[in-house]
Chemist: 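Attaching a single structure in structure tokens format; questions to follow.
Residue numbers run from 1 in the order of the sequence given. Atoms considered below: every heavy atom in the structure, side chains included; atoms not considered: hydrogens, waters and symmetry mates.
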Amino acid sequence: MEKRAFVILATPFYLDKGSSVRARSNILALSKVFDEVVVFTYPVGNDFNAEKVKITRVKSLFYKRKAAGPSFGKVIIDMHLIFSAFTHLWKNKDRYSYVIGEDIEGGIIAKVLSGIFRKPYVYEMYNPFYNTLLPYPKWKIFLPIVKLIDKWLESSKCMSVEWDYELERVKNGKNICSVVYDAFPEDREDLDFILPEKYMCYSGNFKKYQGIEWFLNIYSQTESDYKVVLVGETSQEIKNIISELKLNEKIITPGSLSLQKTNTVIGNSCFCILPRIIDGPPGMKALHYFSQGKAVLATDLSCNKKMIIRNKTGYLCSTDTAGIINGLKIMQDTVFIKEMEDNIRKLGIGSQNLTDRNMLEFFTMVENNA
């Protein structure tokens with residue numbers, strides 16, 4: 001008998017960033033477990049073609065938003081998604097072995113539908129709803145309700161999580177829970193600019209909490225012969241700091257690049273940096289760096305320590321001037337860098353192969369405990 005999965009993905013798909021990248025790795029891994037994976041998702045996104053995967057987009061004339069974060073427009077498009085998914089399951093409920101919810105909204109919709117149609121439910125959690133909403137001040141009024149939603153979602157019998165620390169938090173002996181690590185596309189594209197011979201790389205946004213301004217101020221006090229390549233939409237403030245510190249010849253700012261070109265920049269670097277200065281939920285940058293086999297210099301905040309194995313996949317330094325200066329010296333040890341890169345390759349962190357293996361092991365557990 002063929003096994004089919006019905007997946008709710010309440011986010012723009014496919015985009016080369018954020019939750020969309022996570023969803024991509026999970027959907028590809030699901031296609032290794034099931035004979036068919038049917039995904040209902042938003043109208044926004046690039047074409048996504050994969051064997052055994054069928055994408056159905058909710059029709060909408062008004063919804064064009066690609067940015068992350070909560071909005072009333074998302075609430076409306078989620079209602080469209082609920083209606084479309086309900087109609088499809090009403091007509092095809094006997095086709096599917098599981099109803100799977102990706103991330104928060106997908107998890108909510110899929111859990112409701114699985115109850116209505118009495119289908120086994122799996123929640124694939126990316127981050128708790130509470131942590132996701134916390135950075136948005138105008139939505140904080142909803143945090144008490146959000147805590148209850150998290151509790152309801154995390155009461156699911158079967159769920160996968162992205163991080164080991166989340167597994168420790170939600171596993172209670174009654175549920176079937178496992179880690180399915182994220183993966184990044186590993187392919188590269190040629191660049192239309194020349195990279196330095198020796199450089200460190202940062203890829204991402206330049207918001208204050210990322211610590212790039214702080215890092216550049218410290219970097220300017222060193223005599224490092226490693227240049228810095230900053231990939232992303234560089235703010236005017238960052239450009240001004242580079243000019244004020246007279247770092248124009250040492251800092252390269254190519255702007256926003258495609259994921260494949262970013263991979264080329266990361267992959268040819270000596271190491272990558274995560275100089276974050278404000279704690280919070282871990283992002284995906286470390287996994288992106290690891291997917292290209294690169295070690296990381298990072299501040300020792302908990303968000304970084306959750307992702308990086310000290311002296312195995314990266315060097316964690318104190319969040320002060322002395323810590324960064326010492327870290328930059330240590331990361332010039334090519335033998336140490338090589339050892340960390342070997343560890344990253346052996347662990348397979350950030351690779352699709354590891355995600356596929358995790359997903360297969362998870363659903364084997366689910367079916368053995370059915």
Side-chain angles (χ1 to χ4, degrees), residues 5-34 36-42 44-55 66 68 98 100-107 110 122-128 132 158-167 177-188 203-204 258-260 262-263 266-267 281-294 306-308 313 344-345 347-366:
F6 184 73
V7 180
I8 302 293
L9 175 59
T11 190
F13 186 78
Y14 172 69
L15 305 176
D16 280 338
K17 61 180 182 179
S19 296
S20 192
V21 174
R22 287 177 167 171
R24 171 195 175 276
S25 65
N26 277 355
I27 288 166
L28 288 175
L30 287 170
S31 72
K32 303 295 192 301
V33 177
F34 292 94
E36 184 180 34
V37 180
V38 175
V39 182
F40 270 53
T41 189
Y42 281 12
V44 180
N46 301 316
D47 290 340
F48 181 82
N49 298 306
E51 189 176 354
K52 298 194 288 186
V53 176
K54 181 181 178 182
I55 305 294
K66 294 183 179 181
Y98 291 90
I100 300 173
E102 294 282 333
D103 206 6
I104 300 154
E105 292 134 295
V122 174
Y123 175 38
E124 297 196 333
M125 184 177 78
Y126 297 179
N127 280 308
T132 303
C158 303
M159 61 185 293
S160 68
V161 297
E162 305 285 346
W163 323 109
D164 292 289
Y165 75 92
E166 287 290 5
L167 180 65
C177 189
S178 185
V179 175
V180 177
Y181 289 106
D182 294 323
F184 274 81
E186 298 176 24
D187 49 320
R188 302 181 184 182
S203 172
S258 69
L259 183 63
Q260 290 72 24
T262 302
N263 287 347
I266 293 171
M284 298 180 69
K285 293 181 183 63
L287 282 177
H288 194 180
Y289 299 155
F290 293 153
S291 74
Q292 296 299 314
K294 290 300 164 179
K306 287 168 180 173
M307 300 293 298
I308 296 164
T313 60
I344 291 163
R345 278 190 286 271
L347 291 168
I349 306 172
S351 71
Q352 189 63 47
N353 285 338
L354 180 60
T355 306
D356 292 348
R357 190 163 67 248
N358 291 158
M359 191 69 79
L360 182 58
E361 290 168 353
F362 170 57
F363 272 95
T364 299
M365 286 173 52
V366 170

Chemist: State which residues pass side-chain contact (heavy atoms from CB on, under 4.5 Å) with S25; sequence neighbours excluded, sorted by chain then number.
Modeler: D182, A183, Q352, T355
Chemist: Please enumerate all residues that pass side-chain hydrogen bond (donor to acceptor under 3.5 Å, both in side chains) together with R357, with sequence neighbours excluded.
Modeler: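 side-chain hydrogen bond (donor to acceptor under 3.5 Å, both in side chains) list for R357, sorted by chain: empty.
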Chemist: If the condition is salt bridge (charged side-chain N to carboxylate O under 4.0 Å, His left out), which residues does D356 pass it with, not counting sequence neighbours?
Modeler: K32
Chemist: Could you list the residues that satisfy side-chain contact (heavy atoms from CB on, under 4.5 Å) with D187, not counting sequence neighbours?
Modeler: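 Applying side-chain contact (heavy atoms from CB on, under 4.5 Å) to D187 gives P185, Q260.
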Chemist: For Y98, which residues count as a ring-ring contact (aromatic ring centres under 6.0 Å, His included) partner, sequence neighbours excluded?
Modeler: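 With neighbours one apart ignored, the set is F34, F363.
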Chemist: Quick check for you: to the nearest 0.5 Å, what is the distance between E186 atom CD and Q292 atom CD?
Modeler: 6.5 Å
Chemist: Among V21, N46, I27, which one satisfies side-chain contact (heavy atoms from CB on, under 4.5 Å) with F13?
Modeler: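 Among V21, N46, I27, the one that satisfies the side-chain contact (heavy atoms from CB on, under 4.5 Å) with F13 is I27.
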Chemist: Mind checking side-chain contact (heavy atoms from CB on, under 4.5 Å) for S178 and listing every partner two or more places apart, or none if nothing turns up?
Modeler: F362, M365
Chemist: Nearest 0.5 angstrom please: Y126 OH to E162 CD, how far?
Modeler: 6.5 Å
Chemist: Suppose we screen for ring-ring contact (aromatic ring centres under 6.0 Å, His included). Which residues come up paired with F184, at least two apart in sequence or across chains?
Modeler: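 Listed in chain order: H288.
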Chemist: Not counting sequence neighbours, which residues clear salt bridge (charged side-chain N to carboxylate O under 4.0 Å, His left out) with E166? List them please.
Modeler: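 Partners of E166 under the salt bridge (charged side-chain N to carboxylate O under 4.0 Å, His left out) test: R169.
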Chemist: Salt bridge (charged side-chain N to carboxylate O under 4.0 Å, His left out) with K54: which residues, sequence neighbours excluded?
Modeler: none
Chemist: Kindly write out the residues that satisfy salt bridge (charged side-chain N to carboxylate O under 4.0 Å, His left out) with E105, not counting sequence neighbours, or none if the list is empty.
Modeler: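 Here the qualifying residues are K74.
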Chemist: Just jot down the side-chain contact (heavy atoms from CB on, under 4.5 Å) partners of T11, sequence neighbours excluded, or say none.
Modeler: L9, S19
